[in-house]
Amino acid sequence: MPGQPATLAPGHTFGSITDKIAWAVLRRPLTLGWLSGFAIAFGLLMLLQLAIGYLLFRGVGIWGIDIPVGWGFAIINFVWWIGIGHAGTLISAILLLLHQSWRNSINRFAEAMTLFAVACAGMFPLIHTGRPWLAVYWLFPYPNTMGVWPQFRSPLIWDVFAVSTYGTISLLFWFIGLIPDLATFRDTARNPVARFVYGLLAMGWRGSARHWKRYESADLLLAGLATPLVLSVHTVVSFDFAVSLIPGWHTTIFPPYFVAGAIYSGFAMVLVLAIPIRKFYGMKDLITERHLDNSAKVMLATGLIVAYGYGMEVFFAWYSANIYERYMMYNRIFGPMGWAYWCLILTNIAIPQLLWIRKIRLSPGKLFLISLVILVGMWLERFVIIVISLSRDFLPSSWGTYKATRWDYMTYAGTLGLFFSAMFLFIRIMPMISIFEMRTLLPEAKVNTEEVAAHD
């Protein structure tokens with residue numbers, strides 16, 4: 001399209017793309033910046049180990065959960081992390097099926113982001129039980145001598161199947177996409193240990209026509225399987241709330257509202273990762289302004305859907321003429337924790353409207369800050385939905401408050417450490433950008449079908 005930034009800067013060849021991406025792993029020495037960043041992330045990861053260890057020793061009483069707020073930071077963070085993982089699957093699967101070539105530069109680390117986010121999310125329902133070994137014994141669906149089975153009508157069990165399926169498909173999709181690049185690393189690595197490890201992971205890839213045919217078949221098959229998962233996983237997560245009778249939760253708008261919010265926060269995290277990578281690794285010619293622009297447009301579109309969801313919540317509360325729904329909405333906006341709702345409106349609706357301005361969409365620094373604001377806003381959204389809705393029950397005698405403890409904050413910060421530690425290691429030992437997919441963007445990679453037909 002005229003006037004639109006290119007998805008790949010001019011002047012590249014097959015060899016230059018391979019050398020540039022492989023250099024970041026095989027030739028680039030360890031820098032002070034990478035070591036400092038990894039040290040901070042690893043320190044937070046150790047904080048997570050401390051928080052979980054103390055939790056297993058003392059139980060969930062160390063958290064701020066109480067009656068009636070039995071779901072606190074653990075479920076807030078579970079939903080937040082699952083949402084962040086959505087952009088990776090969307091970029092990998094849906095944009096692949098739609099032949100959107102601008103995905104080629106960002107899909108690899110977006111897929112890795114999905115895996116790490118799902119790992120962070122998956123631990124929260126488990127440690128929320130306080131005794132994970134008993135949770136597995138009582139909840140895992142296997143026959144036992146006492147005839148105790150999980151309640152399969154519970155959306156919490158649906159979560160287990162949805163998230164585990166999502167994680168499995170995402171892992172397969174990510175690994176299969178890596179195989180051709182791992183073979184490239186196998187052939188170019190100088191270190192014999194690295195050459196052996198990459199060769200082992202490449203699974204005998206030779207780049208033959210048979211290998212490429214099987215690769216493309218597997219890639220399209222997994223893309224087709226992953227596409228409905230983008231919609232279904234967070235839909236099932238929203239059922240944790242929507243199938244209940246609690247005011248503020250019992251609404252049919254939650255599934256599309258949650259899915260849009262997940263993609264919203266997911267693309268925000270993609271930009272939080274992509275902008276530093278393109279700057280510190282010199283990848284501005286591979287991750288161009290077009291990638292920033294398109295990602296910002298997706299955020300703007302999904303943000304408007306989220307804003308519509310907020311408006312519908314207010315409308316439903318008024319139109320239902322239900323005193324409990326009306327009070328729930330009044331309490332969200334003007335209650336003791338109303339500050340969270342107004343911060344949510346500011347961070348998720350007001351500030352992202354700046355993305356209408358093209359100069360801001362093309363400004364890496366401003367886009368990075370807006371993405372951070374959106375991630376904060378999406379966390380606040382889950383806080384408002386869970387904590388404020390639970391703190392006021394049907395009867396005033398059942399009302400309560402919620403205040404997170406230092407162990408809640410330590411656990412949350414620790415999952416950030418887990419996520420970024422894994423990401424730092426990934427960009428150090430694996431190709432952060434797909435080599436073979438970037439090669440397909442070159443003019444010489446295009447096959448002239450008219451010439452082929454003439455020769456035939």
Side-chain angles (χ1 to χ4, degrees), residues 60 65 69-90 93-94 114-115 117-144 147-173 222 224-266 306 309 313 378 381-383 385-387 389-390 415:
V60 294
I65 55 176
V69 185
W71 283 9
F73 265 38
I75 305 301
I76 294 171
N77 298 333
F78 165 71
V79 180
W80 189 73
W81 278 117
I82 286 292
I84 284 176
H86 267 56
T89 310
L90 177 81
I94 296 179
T114 294
L115 295 175
V118 169
C120 292
M123 71 173 62
F124 280 107
L126 194 60
I127 64 175
H128 189 266
T129 63
R131 296 291 185 267
W133 54 92
L134 293 179
V136 172
Y137 179 77
W138 288 107
L139 299 179
F140 195 75
Y142 67 93
N144 59 73
V148 178
W149 288 83
Q151 172 55 278
F152 280 97
R153 290 178 294 177
S154 168
L156 300 178
I157 296 297
W158 307 342
D159 275 349
V160 173
F161 291 100
V163 174
S164 59
T165 303
Y166 182 60
T168 303
I169 295 297
S170 298
L171 177 62
L172 289 173
F173 203 7
L222 289 172
L225 291 173
T227 297
L229 285 176
V230 176
L231 303 176
S232 66
V233 172
H234 225 56
T235 296
V236 172
V237 170
S238 75
F239 288 165
D240 293 348
F241 311 97
V243 301
S244 73
L245 296 177
I246 295 175
W249 291 6
H250 190 60
T251 171
T252 55
I253 200 175
F254 264 28
Y257 166 35
F258 267 52
V259 170
I263 297 172
Y264 192 32
S265 59
V306 169
E313 283 186 314
M378 291 307 298
E381 178 195 288
R382 279 63 182 235
F383 179 87
I385 290 174
I386 294 169
V387 171
S389 298
L390 287 175
T415 57

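This is a predicted model, so every value here is computed, not measured.
- A 4.5 Å side-chain heavy-atom check between V118 and Y166 finds at least one atom pair inside the cut-off.
- Taken from CH2 in W81 to CZ in R382, the straight-line distance is 12.0 Å, to the nearest 0.5 Å.
- A distance below 6.0 Å separates the ring centres of F258 and F241.
- Remark: the backbone N or O of L126 is paired with a side-chain donor or acceptor of T129 at under 3.5 angstrom.
- Between the side chain of W249 and the main chain of I385, a donor-acceptor pair closer than 3.5 Å is present.
- When all heavy atoms are compared, the tightest approach of S389 to I246 is O-CG2, 4.1 Å.
- Here the closest heavy-atom approach between residue I263 and residue L90 is recorded as CG2-CD2, 3.8 Å.
- Between F78 and A121, the shortest heavy-atom contact is CD1-O, 3.2 Å.
- Of all heavy-atom pairs between H234 and V79, the closest is CE1-O, 3.5 Å.
- Checking side-chain atoms of H86 against main-chain N and O of V230 turns up a donor-acceptor pair under 3.5 Å.
- A distance of 12.0 Å separates CD1 in I82 from CG in N77, rounded to the nearest 0.5 Å.
- Counting heavy atoms from C-beta on, the side chains of V387 and I76 come closer than 4.5 Å.
- In plain terms, the two heavy atoms of A226 and I169 that are nearest each other are CB-CG2, 3.8 Å.
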* Let me see the working for W71 and H128 under side-chain contact (heavy atoms from CB on, under 4.5 Å), right down to the final yes or no. => CA-CA 9 Å; W71 283 9; H128 189 266; 3.9 Å; yes
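- Side-chain N/O atoms of S265 and W80 include no donor and acceptor closer than 3.5 Å.
- From S164, atom OG reaches atom CG of D159 across 10.0 Å, with rounding to the nearest 0.5 Å.
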* **Y264 vs E381, side-chain contact (heavy atoms from CB on, under 4.5 Å): CA-CA, chis, key distance, verdict** => CA-CA 12 Å; Y264 192 32; E381 178 195 288; over 6 Å; no
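- In this structure, P155 and V243 approach most closely via the heavy-atom pair CG-CG2, 3.6 Å.
- The distance from the OG atom of S244 to the CG atom of L390 is 8.5 Å, given to the nearest 0.5 Å.
- With S238 contributing its side chain and T235 its backbone, the two residues share a donor-acceptor pair below 3.5 Å.
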* **Steps toward side-chain contact (heavy atoms from CB on, under 4.5 Å) verdict (I75, F124)** => CA-CA 7 Å; I75 305 301; F124 280 107; 5.9 Å; no
